[in-house]
Amino acid sequence: MNDIQVIVTFEARPESTTPLSALLSQVRQQLPLVDGCKSVRVLIRRDAPQVFTLVEDWQSTAQHQKHLATVVASGAWDTIAALLAADPVSHTYGELPA
């Protein structure tokens, strides 16, 4: 399998910074329990505390996509989206070959 990193940036609506922070703290605890997720870090932008970035390590793109489908199907994505000022920005990265 080819390990990947997924980096996602979220910006909370001004009144939703605290709830989004709490939700992402739960993600930090629960996401590594998902099949294929190796780790997750949650970062907060020092000059803009309503902006959060997740750095996720996955064993494969397929496992990450399966997780996303589960989040959407469960309705959990609607909860997250309601807290956001804009759509999240997400990019997937792989290791540069030697």
Side-chain angles (χ1 to χ4, degrees):
M1 282 189 226
N2 293 329
D3 289 359
I4 64 164
Q5 279 197 320
V6 178
I7 300 176
V8 186
T9 299
F10 299 95
E11 182 175 352
R13 291 182 297 129
E15 68 278 9
S16 298
T17 299
T18 299
L20 184 60
S21 177
L23 189 144
L24 294 177
S25 290
Q26 291 176 358
V27 168
R28 180 176 40 216
Q29 299 300 315
Q30 296 171 356
L31 190 57
L33 303 176
V34 173
D35 185 43
C37 183
K38 297 167 64 176
S39 68
V40 62
R41 293 176 62 205
V42 179
L43 308 174
I44 186 168
R45 211 168 106 184
R46 291 185 184 256
D47 65 335
Q50 76 281 7
V51 177
F52 302 88
T53 298
L54 271 62
V55 180
E56 305 172 11
D57 289 307
W58 288 87
Q59 292 176 352
S60 72
T61 300
Q63 288 170 308
H64 177 252
Q65 290 175 339
K66 180 179 177 184
H67 165 68
L68 288 179
T70 300
V71 170
V72 170
S74 73
W77 178 251
D78 294 334
T79 301
I80 297 167
L83 302 174
L84 302 179
D87 289 339
V89 177
S90 178
H91 298 283
T92 302
Y93 297 85
E95 191 75 29
L96 181 67

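Only a predicted model underlies this, so the values are computations on that prediction, with no experimental measurement involved. Each residue takes its place number in the sequence, starting with 1.
- Under the 4.5 Å side-chain criterion, counting only non-hydrogen atoms from C-beta, Ser25 is not in contact with Val42.
- Annotation: the span from Ile4 atom CD1 to Thr61 atom OG1 amounts to 3.5 Å, rounded to 0.5 Å.
- Side-chain atoms of Leu84 and Leu20, non-hydrogen and from C-beta on, do get closer than 4.5 Å to each other.
- Taking the side chain as every heavy atom from C-beta outward, Val6 and Ser90 approach each other to under 4.5 Å.
- Using a 4.5 Å cut-off on side-chain heavy atoms (C-beta onward), Thr53 and Ile7 make contact.
- Here NE2 of His67 is found 11.5 Å from CG of Asp35. Values are rounded to the nearest 0.5 Å.
- Taking CD of Gln5 as the start and OG of Ser39 as the end, the distance is 7.5 Å to the nearest 0.5 Å.
- Counting non-hydrogen atoms of other residues, nucleotides and ligands closer than 6.0 Å to CD of Glu95 gives a total of 12 or fewer.
- One hydrophobic cluster, built from ILVMFWY side chains closer than 4.5 Å, cannot hold both Val55 and Leu24; they sit in different ones.
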May I have the step-by-step check of side chain to side chain contact (heavy atoms under 4.5 Å, CB included) for Val34 and Lys66, ending in yes or no?
CA-CA 10 Å; Val34 173; Lys66 180 179 177 184; over 6 Å; no
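- Contact detail for Ile44 and Pro49: the closest heavy-atom pair is CD1-O, 3.4 Å.
- Considering all non-hydrogen atoms of both residues, Asp47 and Arg45 come closest at OD1-NE, 2.7 Å.
- Between the side chain of Ser60 and the backbone N or O of Gln63 there is at least one donor-acceptor pair closer than 3.5 Å.
- At a threshold of 4.5 Å between non-hydrogen side-chain atoms, the residues Leu68 and Trp77 do not count as touching.
- Using a distance-only test at 3.5 Å, with no hydrogens or angles considered, a donor-acceptor pair links the side chain of Arg13 to the main chain of Ala82.
- Of the candidates Leu43, Thr17, Val8, Thr9, Phe52 forms a side-chain contact (heavy atoms from CB on, under 4.5 Å) with just one, namely Thr17.
- Using cut-offs of 30° and 60° for the angle between ring planes, the Trp58 and His64 rings count as perpendicular.
- In this structure the side chain of Leu83 never reaches within 4.5 angstrom of the side chain of Phe10, judged on heavy atoms.
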